[in-house]
Engineer: 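My questions will all concern the structure given below.
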Amino acid sequence: MRLLLQQRPQGHEAPRFVQLMLQPDLLGGWELVRETGQIGGRSTVRREVFLDQSAALAALEHARDQQLKRGFQLMFAQGVEAPK
């Protein structure tokens, strides 16, 4: 599952983005990958590991909701179980 959120640009700055990806790891757990940065610039990647898919999905939905409150807009959602 993959979500891409983008913030509207302010002034002459490039817009900021947040990408959230949920993927299984090699040990049977799940990983939430968060990539944040400015379009065309550097980005930061953080990973969180979860034992089951439901906990990882809850963390992804919480991260998505936080970014929506900060003014980001959902630009792209990919995956069979893409959250609404």
Side-chain angles (χ1 to χ4, degrees):
M1 179 180 311
R2 179 176 160 228
L3 301 175
L4 177 66
L5 297 105
Q6 183 176 318
Q7 197 173 39
R8 290 182 184 226
Q10 297 176 351
H12 297 292
E13 294 182 5
R16 299 194 55 76
F17 74 93
V18 174
Q19 181 171 226
L20 303 169
M21 293 178 285
L22 191 60
Q23 55 195 24
D25 67 11
L26 296 174
L27 302 174
W30 286 84
E31 187 174 63
L32 174 60
V33 180
R34 301 176 196 222
E35 182 179 5
T36 60
Q38 207 166 23
I39 293 178
R42 292 185 178 198
S43 65
T44 303
V45 177
R46 294 185 302 169
R47 289 179 164 76
E48 292 180 63
V49 178
F50 298 90
L51 296 177
D52 59 7
Q53 184 180 14
S54 62
L57 184 58
L60 179 129
E61 290 174 347
H62 179 71
R64 177 204 58 202
D65 292 344
Q66 283 183 330
Q67 297 305 323
L68 290 173
K69 286 179 184 177
R70 291 181 180 146
F72 283 78
Q73 296 178 342
L74 183 63
M75 304 301 287
F76 178 78
Q78 177 184 26
V80 177
E81 300 174 28
K84 297 174 184 169

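Worth saying up front: this structure is predicted, and the values here are computed from it rather than measured.
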Engineer: Taking all atoms of both residues into account, what is the closest heavy-atom pair of Gln7 and Gly71, and its distance?
Structural biologist: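 Smallest heavy-atom distance, with atoms named: CG-O, 4.2 Å.
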
Engineer: For side chain to side chain contact (heavy atoms under 4.5 Å, CB included), just list the numbers for Arg16 and Phe72, CA-CA rounded to whole Å, side-chain angles, deciding distance to a tenth of an Å, and then say yes or no.
Structural biologist: CA-CA 9 Å; Arg16 299 194 55 76; Phe72 283 78; 4.3 Å; yes

Engineer: Please name the pair of heavy atoms, one in Arg2 and one in Phe76, separated by the smallest distance, quoted to 0.1 Å.
Structural biologist: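 Distance-wise, the nearest heavy atoms are NH1-CE2, 3.4 Å.
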
Engineer: Tell me, yes or no, whether the heavy-atom count around Glu13 atom CD, taken from other residues, nucleotides or ligands under 6.0 Å, exceeds 12.
Structural biologist: no

Engineer: Measure across Val33 and Arg47 and return the closest heavy-atom pair with its distance rounded to 0.1 Å.
Structural biologist: CG2-CG, 4.1 Å

Engineer: Measuring from atom CG of Leu4 to atom CG of Leu20, what distance do you get when rounded to the nearest 0.5 angstrom?
Structural biologist: 9.0 Å

Engineer: Please examine the side chains of Met75 and Gln73, heavy atoms only from C-beta on, and report whether any two atoms are closer than 4.5 Å.
Structural biologist: yes

Engineer: Using side-chain heavy atoms (C-beta onward) and a distance below 4.5 Å, is Arg46 in contact with Thr36?
Structural biologist: no

Engineer: Check whether more than 12 heavy atoms from other residues, nucleotides or ligands sit under 6.0 Å from atom CG of Leu68, and answer yes or no.
Structural biologist: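 Counting neighbours around CG of Leu68, more than 12 heavy atoms of other residues, nucleotides or ligands fall under 6.0 Å, so yes.
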
Engineer: Do Trp30 and Met21 belong together in a cluster built from hydrophobic side chains that touch within less than 4.5 Å?
Structural biologist: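 Trp30 and Met21: separate clusters.
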
Engineer: With respect to Arg34, which candidate in Gln67, Gln19, Glu48 satisfies the side-chain hydrogen bond (donor to acceptor under 3.5 Å, both in side chains) definition?
Structural biologist: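 Among the candidates, only Glu48 passes.
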
Engineer: With side chain to side chain contact (heavy atoms under 4.5 Å, CB included) as the test, would you mind laying out the steps for Gln6 and Ile39 before giving the verdict?
Structural biologist: CA-CA 9 Å; Gln6 183 176 318; Ile39 293 178; 3.6 Å; yes

Engineer: Over all heavy atoms of both residues, which pair between Leu60 and Leu22 is shortest? Give the atoms and the distance, please.
Structural biologist: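 Between these two residues, the closest heavy atoms are CD1-CB, 4.0 Å.
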
